[in-house]
Protein chains: 2
Amino acid sequence: MKKPVDLTEKQYISQYNVHDFDVPLTTVDMAIFALIDQKLHVLLVQRNDHPFKGEWALPGGFIDLKKDKTINDTAHRKLLEKTGIHSPYLEQVQTIGQAKRDPRAWSVTILYFALIDYFTISSKGIVPSNEQAQWHTLEQAQNLSLAFDHQQLLNLATSRLRSKTRYTALPISLMPEYFTLTELQNSFEIILGYELDKKAFRRRILDAGIIKPTDMNKRSGKRDAQLFCINQLPLDFQFPRAI
Amino acid sequence: MKKPVDLTEKQYISQYNVHDFDVPLTTVDMAIFALIDQKLHVLLVQRNDHPFKGEWALPGGFIDLKKDKTINDTAHRKLLEKTGIHSPYLEQVQTIGQAKRDPRAWSVTILYFALIDYFTISSKGIVPSNEQAQWHTLEQAQNLSLAFDHQQLLNLATSRLRSKTRYTALPISLMPEYFTLTELQNSFEIILGYELDKKAFRRRILDAGIIKPTDMNKRSGKRDAQLFCINQLPLDFQFPRAI
DNA sequence: TAAATAGTGTCTTTTAGACAATATGGT
DNA sequence: ACCATATTGTCTAAAAGACACTATTTA
């Protein structure tokens, strides 16, 4: 394995071969969240191949060294393959690497999570992939026995989602183009699992200037509610305090 | 590359070989910070081998599939090799994967940062490694041209350090066993690059209960100052607001 | 007019910032 | 006594929580 010491860098690189070394498997896995019927859902796929054939898992796969220029490209590509969605909120959560997490080999996975508005994709439907993809409520997903250590990955992603919901405006990514403040508050509450004070919530969101009012109203049976839309991109805007 | 479809999982795994696939290089890199002479320093190594032979870089290297059970083991092992320190604060920052970041191959690196108390290692000295390791002030390091994309990695680690210093008590990891509140405040200020209000700082730290007073004083020429020590482990304790 | 939902007023609480005042120890 | 540094007192400011109140729409 030892190389002669008097090579130029060019010579060294030209004779370097990754396959000469013991390397781990490296994959990207994603927890893709959406709100459906007032519940937090996560997209799972049923594995077509070994290992864990037939079991539910987070969507993911190998980096395609040809197609992907960066690891974010891999994540975006996987998201597109599974949901047909191009570029919503996508964030790296953590990288988990362990000798035993994959029966095939020492394995590293880079975990992402994504938030998407279900209604923008439900119109298109989920783009077919070679695996069965299906939305599960978070509760269902947590009660399934998932492939690999995906149970743990799902928990990591969920707690990241919850904690960022407490000090950013992340859940706006789950909303359709126009939404009411009550609907937005609802999304926050579903993710967090507890209720928020209406006044405090509105003050917080409006004072931050991350959404702006439109001149449209939503008629939903009772009193009309004003519709809002996203003002600017920075959804990772941080509030000075958590809720 | 396609396998027959009727294998059992056991058969599939037994014939699986990572080397049959195009895989990225996977490494761990670390930004190891310490305070020396009232300045934030980072440990750099001078590369012994291609690529970037002779240039300064963050310490790091390949996962050792034999020695390391997890990727955190790799990080701890690297830290031990470079500094002789066993288990201080060590946190994963981010994973960067790009086709071009390493001239040898598509490469993924998992970036960690560590905070150590310089005086606990200066007594031992830096354990020799096959590379020249040397402390640089952050300023020096940022003005060097570092190997690979290590300049960018260093910036990522630095901004993570700074931002966590604003809402956790992380810098306690940089302190010796016993320290005064003024010394602690000083460490915060050096990392942040701006001054803090004395009263507010003390109130914040003491009310959080993360350090406890001892019955010892420090005589430093002027008025004695009370010595404190760490109360509990959770240095990733989060304050409700940032400073 | 009643019910239900949207939206507001306002007082309290928490925690950080400002800055002056006091305490202590060495010279 | 004086200086420098440690330590505390106290007022202000910002932003969240509590909760009651008003406004609008439909039935």
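In this text the structure is predicted, and so the values were computed from the model without any measurement. Throughout, protein chains are lettered first and strands after them, A, B, ... in sequence-line order, and every chain is numbered starting at 1.
The shortest distance between side-chain heavy atoms of Ile211(B) and Leu181(B) falls below 4.5 Å. Put simply, the side chain of Leu90(B) reaches to within 4.5 Å of the side chain of Met30(B), judged on heavy atoms. The shortest side-chain heavy-atom distance between Gln134(B) and Trp56(B) falls under the 4.5 Å cut-off. In this structure, Phe148(B) and Leu58(B) have side chains that are not in contact, with every pair of non-hydrogen atoms separated by 4.5 Å or more.
One can place NZ of Lys218(B) at 13 Å from C1' of dA6(D), the figure rounded to the nearest angstrom. Taking atom CD of residue Gln226(B) and atom P of nucleotide dA6(D), one finds them 13 Å apart after rounding to whole Å. At whole-Å resolution of the value, CG in Leu181(B) and C1' in dT5(D) are 13 Å apart.
Contact between Gln151(A) and Leu144(A) at its shortest, heavy atoms only, is OE1-O, 2.8 Å. In this structure, Ser187(A) and Leu35(A) approach most closely via the heavy-atom pair OG-CD1, 3.3 Å.
Between the side chain of Glu195(B) and the backbone N or O of Glu189(B), no donor-acceptor pair lies under 3.5 Å. A donor-acceptor contact shorter than 3.5 Å is absent between the side chain of Arg101(B) and the backbone of Val108(B). In this structure a side-chain-to-backbone donor-acceptor pair under 3.5 Å is present from Asn231(A) to Gly209(A).
Contact of Lys198(B) with dT7(D) (side chain to base): a donor-acceptor pair of N or O atoms is detected under 3.5 Å.
Relative ring orientation between Tyr89(B) and Phe113(B) is described as tilted, the plane-to-plane angle lying within the 30° to 60° band.
Nucleotides of DNA chain D nearest to Lys199(A) and Leu206(B) differ in position, and the one nearer the 5' end is that of Leu206(B).
Using a 4.0 Å cutoff to heavy atoms of chain A, the contacted part of DNA chain C runs 5' to 3' from dA4(C) to dT14(C).
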Identify each atom pair where a protein N or O and an N or O of nucleotides 13-17 of chain D are less than 3.5 Å apart, giving names and distance.
unit_1: dA14(D); atom_1: N3; unit_2: Arg241(A); atom_2: NH2; d: 3.2
unit_1: dA15(D); atom_1: O4'; unit_2: Arg241(A); atom_2: NH2; d: 3.4
unit_1: dA15(D); atom_1: N3; unit_2: Arg241(A); atom_2: NH2; d: 2.9
unit_1: dA16(D); atom_1: OP1; unit_2: Arg204(A); atom_2: NH1; d: 2.8
unit_1: dA16(D); atom_1: N7; unit_2: Arg203(A); atom_2: NH2; d: 3.4
unit_1: dG17(D); atom_1: N7; unit_2: Arg203(A); atom_2: NH2; d: 2.9
unit_1: dG17(D); atom_1: O6; unit_2: Arg203(A); atom_2: NH1; d: 3.3

Polar pairs (N or O, both sides) under 3.5 Å between protein and nucleotides 25-27 of chain D?
unit_1: dT26(D); atom_1: OP1; unit_2: Arg219(A); atom_2: NH2; d: 3.0
unit_1: dT26(D); atom_1: O4'; unit_2: Gly221(A); atom_2: O; d: 3.2

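Side-chain N/O atoms of Asn72(B) and Gln92(B) include no donor and acceptor closer than 3.5 Å.
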